[in-house]
Amino acid sequence: MQDAVWNRVTANRSKHKTTWFYIDEFHLLLKGQTGSFSVEIWKRFRKWGGIPSGLTQNVKDLLASREIENIFENSDFTYHYKTRILSIC
């Protein structure tokens with residue numbers, strides 16, 4: 001799947017097109033080996049004209065990931081919808 005997405009980003013870059021990429025349940029991709037891969041792809045997408053968007057309802061697990069700091073450092077902005085206090089404590 002990642003290869004297909006990366007191929008699309010590469011093809012669109014050559015056409016000077018932006019690629020929006022939405023990743024649902026993003027906290028799951030930050031575990032184990034996929035975590036470091038997700039950070040690398042996040043950085044690479046941005047350099048190649050991609051706009052990655054990580055979506056999750058589980059903020060607690062997202063913030064528990066060691067890789068999330070690298071993701072945040074390589075993001076122009078973050079957007080948070082209203083969340084119940086219990087879900088992030």
Side-chain angles (χ1 to χ4, degrees):
M1 181 64 153
Q2 291 94 344
D3 286 339
V5 173
W6 178 245
N7 289 340
R8 177 61 59 99
V9 171
T10 302
N12 285 347
R13 181 178 190 224
S14 66
K15 299 174 189 174
H16 304 287
K17 291 173 64 176
T18 301
T19 305
W20 289 72
F21 183 53
Y22 297 94
I23 309 159
D24 196 14
E25 301 298 341
F26 188 59
H27 66 280
L28 296 174
L29 293 178
L30 296 177
K31 296 179 179 180
Q33 289 180 332
T34 59
S36 57
F37 178 79
S38 296
V39 170
E40 183 61 32
I41 210 75
W42 195 276
K43 292 177 182 179
R44 206 181 313 172
F45 270 30
R46 295 190 67 241
K47 289 179 186 174
W48 282 65
I51 301 174
S53 300
L55 312 169
T56 187
Q57 293 178 8
N58 197 333
V59 177
K60 186 176 177 181
D61 283 350
L62 182 74
L63 295 176
S65 168
R66 292 180 290 156
E67 284 78 12
I68 197 61
E69 186 175 346
N70 288 324
I71 297 287
F72 284 161
E73 287 176 353
N74 286 284
S75 298
D76 291 331
F77 66 92
T78 62
Y79 189 83
H80 307 267
Y81 287 106
K82 184 176 179 180
T83 304
R84 293 181 316 159
I85 295 297
L86 295 176
S87 69
I88 58 174
C89 293

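The figures that follow rest on heavy atoms only: side chains count, while hydrogens, waters and symmetry mates do not.
T56 contributes atom OG1, which lies 5.5 Å from atom CD of E25 (distance to the nearest 0.5 angstrom). Taking CG from L62 and CD from Q57, the interatomic distance works out to 12.5 Å, rounded to the nearest 0.5 Å. The structure places CD1 of I68 at 11.5 Å from NE2 of H27, a figure rounded to the nearest 0.5 Å. Interatomic distance, CG of L30 versus CH2 of W42, reported as 9.0 Å (0.5 Å rounding). Note that OG of S75 and CD1 of I51 are 12.0 Å apart. Values are rounded to the nearest 0.5 Å. One distance of note links OG1 of T34 with CG of L28; it measures 8.5 Å at 0.5 Å rounding.
Within a 6.0 Å sphere centred on CZ of R44, other residues, nucleotides and ligands contribute more than 12 heavy atoms. Around CD of E69, the count of heavy atoms belonging to other residues, nucleotides or ligands within 6.0 Å does not exceed 12. Counting heavy-atom neighbours within 6.0 Å of R46 CZ, excluding the residue itself, gives a total above 12. Other residues, nucleotides and ligands contribute at most 12 non-hydrogen atoms within 6.0 Å of the CD atom of Q33.
A 4.5 Å side-chain heavy-atom check between N12 and W20 finds every atom pair outside the cut-off. Within the 4.5 Å cutoff, side-chain heavy atoms of F21 are placed close to those of V5. In this structure, L29 and I23 have side chains that are in contact, with non-hydrogen atoms separated by less than 4.5 Å.
Taking the six-membered ring for Trp and thresholds of 30 and 60 degrees, F45 and W6 have nearly parallel ring planes, at less than 30 degrees apart.
Cluster annotation: V39 is not connected to L55 through the hydrophobic network of ILVMFWY side chains, with a link wherever side-chain heavy atoms come within less than 4.5 Å.
Between N74 and N70 the shortest heavy-atom distance is ND2-O, 2.9 Å.
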